[in-house]
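Below is one structure, written out as structure tokens; comments come after it.
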Amino acid sequence: MRDAGDTLISVKLMQWYDRHARTLPWRVPPGSTQAPDPYRIWLAEVMLQQTTVAAVQAYFQRFTTRWPTVQALAAAHDEDVMAEWAGLGYYARARNLLKCARAVAEMGGFPRTRTDLQSLPGIGPYTSAAIAAIAFEQPETVLDGNVERVMARLFDEHTPLPQAKPILTAYAARLTPQHRPGDHAQAVMDLGATICTPRNPACGICPVMADCAARRAGTAPSLPRKTRKPAKPVRLGIAYLGRRADGAWLMERRPPHGLLGGMLGWPGSDWTTLPPEDVPPLGAEWRALPGEVRHTFTHFHLRLSVQVAHLPISAQGMFVPADAFDPAALPTVMRKAYALGAAHFNISEVS
DNA sequence: AAGTCGTGGCC
DNA sequence: TGGCCAAGACT
């Protein structure tokens, strides 16, 4: 249970947060009487899943400008949301974002409890706790990568992740206060992001340095321990960039589940360990370009060779007109393939 | 319940 | 350069 030592740590963290909280577009300054907007908290938390604050900023700005409310987002077209998400990665988040927005709009607003929040698409254990605490002032305990690291160090916990998760959750719960739980959660995450960092933690300026068991033991930089991940295999593939005489591009909408699900892309082979079969989407004079696209996904490296063809105006298929084509709406690997292929079509690449 | 699922920055 | 890392969720 929470004891006097836990209370002291959480008080120190709150005092530090009151002075050093980062100003972020989705955040209400500590001590403000203004209530945070659940829509903006939810949107930011989903974007921040496994994604850095720096990468999220511009996307958050564009989404909230284009869709200022959850009702507006719920009314958006799927393709527009996917295109706006392009480049941010983990595209299941965008699909679930839209499902969630429509469910919330139907319900007339966001539910306020962690349990109800977690029943919505794309809202799991972390995000449900974060929204409940930050948007609705409920004393829920958030556990993200930052909190895991801070707890492992404060309590010098050497059990490796993910096995240590329940232990670290219990530590984090001990520190969670009944008052200002949202600011407490953000304080621990800010501490992890700016001081208690994975490498070279700035223990000398840490507000809870005196309370940190790993600091005393000298183990802070090596915590939390993690089990090794297997090496990424290499896969090979072919992408076909076909351009019609009127400038339209032959493209495809990828199936709604799996890798890059729901995103726009180039027709291509499967991505396989052995060299893929060369089966172009249309009969034409396909030419293999020199060079290749290299791209690394979560669990494999991809080497993509690119073929190009000029297609007749009579060619049948899904063509994206020249004036509707925007490389920014493509996932990064497809944008790389375009960058390699564009020169062949005498298109100056502004990348 | 491990495997799947992106991307960019860092050293 | 290549592995690690980032406010994880889903199956």
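Quick caveat: nothing in here was measured; it's all calculated off a predicted structure. Chain A is the first sequence line, chain B the second, and so forth, proteins listed ahead of strands; every chain is numbered from 1.
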Return the value, rounded to whole Å, for the distance between atom CG of A/Leu302 and atom P of B/dT7.
11 Å

What class does the angle between the rings of A/Phe325 and A/Trp266 fall in, given that below 30° is parallel, 30 to 60° is tilted and above 60° is perpendicular?
tilted

Would you please confirm or rule out a distance under 4.0 Å between OP1 or OP2 of B/dC5 and any side-chain N or O of A/His299?
yes

Say you pick atom P in B/dG6 and the same atom in C/dT11; how far apart are they, in whole Å?
14 Å

Give me the distance, rounded to whole Å, that separates B/dC10 from C/dA7 when you measure between the P atoms they each carry.
15 Å

Go through the structure and list residues passing salt bridge (charged side-chain N to carboxylate O under 4.0 Å, His left out) with A/Arg66, not counting sequence neighbours.
A/Asp80, A/Glu84

What's in the same ILVMFWY side-chain cluster as A/Val150, cut-off under 4.5 Å, chained through other members?
A/Ile9, A/Leu13, A/Trp16, A/Tyr17, A/Tyr126, A/Val142, A/Leu143, A/Val147, A/Met151, A/Leu154, A/Phe155, A/Leu161, A/Ile167, A/Leu168, A/Tyr171, A/Leu175, A/Val188, A/Met189, A/Leu191, A/Ile195, A/Ile205, A/Val208

Rounded to whole angstrom units, what separation is found between the CZ atom of A/Phe297 and the P atom of B/dG8?
11 Å

Can A/Met47 and A/Thr51 be said to form a side chain to side chain contact (heavy atoms under 4.5 Å, CB included), step by step?
CA-CA 7 Å; A/Met47 287 184 166; A/Thr51 309; over 6 Å; no

For A/Glu79, which residues count as a side chain to side chain donor-acceptor pair (under 3.5 Å) partner, sequence neighbours excluded?
none

In whole Å, I'd like the distance from the CG atom of A/Leu330 to the P atom of B/dT7.
11 Å

Looking across every strand, which nucleic acid part, if any, lies under 4.0 Å from A/Leu260 by heavy atom: base, sugar-phosphate, or nothing?
sugar-phosphate

Between C/dC4 and B/dG3, how far apart are the P atoms? Round to whole Å, please.
16 Å

Measuring to OP1 and OP2 of B/dG8, would you say a side-chain N or O of A/Thr332 lies under 4.0 angstrom away?
yes

Partner residues of A/Gln50 under the side chain to side chain donor-acceptor pair (under 3.5 Å) criterion, sequence neighbours left out:
none

5' priority, DNA chain B, between A/Asn200 and A/Leu88 [closest heavy atom]:
A/Leu88

Could you give the CE-to-P distance, from A/Met47 to B/dG8, as a whole number of Å?
15 Å

Output all residues satisfying salt bridge (charged side-chain N to carboxylate O under 4.0 Å, His left out) with A/Arg244, sequence neighbours left out; order by chain, then residue number.
A/Asp246

How does protein contact run along nucleotides 2-11 of chain C, one letter per nucleotide 5' to 3', with B for base contact, S for sugar-phosphate only, - for none, heavy atoms under 4.0 Å?
--SSBBBSS-

